[in-house]
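What follows is a short report on a single structure.
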Amino acid sequence: MPKRSSVTSADNDGFFSRVYEVARLIPRGRITSYGAIARYLGTGRSARMVGWAMNSSHTVPGFVPAHRVVNRNGMLTGKHHFGNSSTMQQLLENEGFTVIDDIVLEFRERFWDPSAEL
DNA sequence: ATTCTGACAGCAA
DNA sequence: TTTGCTGCCAGAA
């Protein structure tokens, strides 16, 4: 077993990695919520941790479609964490979503539940 | 070790 | 209806 000495949270095989793993499984053109991912991970009510993990998603090698993860309202609560406030919205619109007032209109239709799909 | 915070969600008023 | 508080778990100081 590889020892995990002083590693960053993102490198650790804990909660964070699982969140990223699920996030990468989100099909293009789909969207999900923090709570849905949290429930799939088994944490259930720790949806906040999912968002927290996303905060470190930039430390993960590869691409983590964090823009496809919004809160249960379909609101882009974390758009401010993408560098520019408009980045998240741009990415979503690029995938065919309609974002108005930081809300994804197609959220309900394009919702992708890992617990149901996986 | 203790305390605070956090990109949420649910429930009460 | 909207607004606010609580719970929840894990990581950072």
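As a basis for the values below, the full set of heavy atoms in this structure was taken, side chains included, without hydrogen atoms, waters or symmetry mates. Sequence lines set the chain letters: A, B, ... in the order given, protein chains first and strands last, and positions in each chain run from 1.
Between A/Phe16 atom CZ and C/dA12 atom C1' there is a gap of 10 Å when expressed in whole angstrom units. In this structure, A/Trp52 atom CH2 and C/dG11 atom P are separated by 11 Å, rounded to whole Å. Between A/Asp102 atom CG and B/dC8 atom C1' the separation is 16 Å, expressed in whole Å. Across the protein-nucleic acid pair, A/Phe15 atom CZ and C/dA12 atom P stand 14 Å apart, rounded to whole Å. Counting to the nearest Å, the P atom of C/dC8 and the CZ atom of A/Arg48 are 11 Å from each other. In this structure, A/Met54 places its CE atom 19 Å from C1' of B/dT5, rounding to the nearest Å. For the pair A/Arg72 CZ and B/dA7 C1', the interatomic distance rounds to 15 Å; values are reported in whole Å. One interatomic measurement links the two molecules: CG of A/Leu41 to C1' of C/dA10, which rounds to 13 Å at whole-angstrom precision.
Of all heavy-atom pairs spanning A/Met88 and A/Gly78, the tightest one is SD-C, 4.0 Å. The shortest heavy-atom contact between A/Ser33 and A/Phe107 is CB-CZ, 4.4 Å. In terms of heavy-atom proximity, A/Ile31 sits nearest to A/Phe97 at CB-CZ, 4.0 Å.
Each of B/dA9, C/dC8, B/dA7 was ranked by its minimum atom distance to the side chain of A/Arg45; first place goes to C/dC8.
Residue contacts for A/Asn71: at a heavy-atom cut-off of 4.0 Å it reaches the sugar-phosphate backbone alone, with no base atom in range. The residue A/Thr43 sits apart from the nucleic acid: no heavy atom pair falls under 4.0 Å. Within the 4.0 angstrom heavy-atom criterion, no nucleotide atom of any strand lies near A/Ala53.
At least one side-chain heavy atom of A/Phe82 sits under 4.5 Å from a side-chain heavy atom of A/Leu91.
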